[in-house]
Amino acid sequence: MKSKFKNIFSQSWLILYVNVALFFYAVSELLHYLMVYPNFFSSFLKQLFTNLSFIYYNNTQSLTNWRNLVFIALLVIVIGLLVRFWRFSFVLLECIGLFVLADFAFLYFNKTIGLQEGFMVAVLIVSLLNIWQNSRQLGLL
């Protein structure tokens, strides 16, 4: 059991964790920027975030409430399943990245935005490539 924890906290795993966090940071920063402009992508995301925020705000009364404990347990189970089925999770990350990049490209080619957020697009792409490389190195893909 000790070797399992040793592997989870090895350098390759830590780099994978950091790259996944960096990917989600880049996606969230790009979404804050891109949702200002009205199009199909932003209306879909606003509806999705409205539904997710409804779930979140209706479950924040108390951590001792049994419904909140069930919600937290389900969240932990979902995260565990995403780690267990990493190939599916990686495809999900690719789809999220593709969706955000398609929204950026759509707005760029319509001359709605310029390359102001090009750095975040580069961070998104580099972090996704690093996730792929570390996943291959760890034998997850």
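When the side chains of ILVMFWY residues are joined at heavy-atom separations under 4.5 Å, either directly or via intervening members, L31 and L115 end up in a single hydrophobic cluster. If you chain together hydrophobic residues whose side chains sit under 4.5 Å apart, V27 and Y25 fall into the same group.
Residues F23 and V18 are not in side-chain contact: their nearest non-hydrogen atoms beyond the backbone lie 4.5 Å or more apart. Here the side chains of W132 and L128 are not in contact, with every heavy-atom distance at 4.5 Å or above. A heavy-atom distance below 4.5 Å is found between the side chains of L93 and F24. Residues T112 and F106 are not in side-chain contact: their nearest non-hydrogen atoms beyond the backbone lie 4.5 Å or more apart. Annotation: side chain of Q11 is not in contact with side chain of L14 (no heavy-atom distance under 4.5 Å). Residues I15 and N130 have side chains not in contact (no heavy-atom distance under 4.5 Å, counting atoms from C-beta outward).
By the 30° and 60° cut-offs, the orientation of the rings of F104 relative to Y108 is parallel.
Between S12 atom OG and L138 atom CG the span is 5.0 Å, to the nearest 0.5 Å. Interatomic distance, Q137 CD to W13 CH2, rounded to the nearest 0.5 Å: 11.5 Å. Atom CG of L124 is separated from atom CG of L22 by 9.0 Å, given to the nearest 0.5 angstrom.
Contact between S135 and L16 at its shortest, heavy atoms only, is OG-CD1, 3.8 Å.
Few gaps surround CZ on F99; more than 12 heavy atoms of other groups in view lie less than 6.0 Å from it.
Checked options V126, I131, I125; the residue passing with L129 is I125 (criterion: side-chain contact (heavy atoms from CB on, under 4.5 Å)).
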> Going through the checks in order, is the side chain to side chain contact (heavy atoms under 4.5 Å, CB included) test met by F85 and V91?
Replying inline: CA-CA 10 Å; F85 301 107; V91 170; over 6 Å; no

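In this structure, the side chain of Q116 engages the main chain of G114 through a donor-acceptor pair within 3.5 Å.
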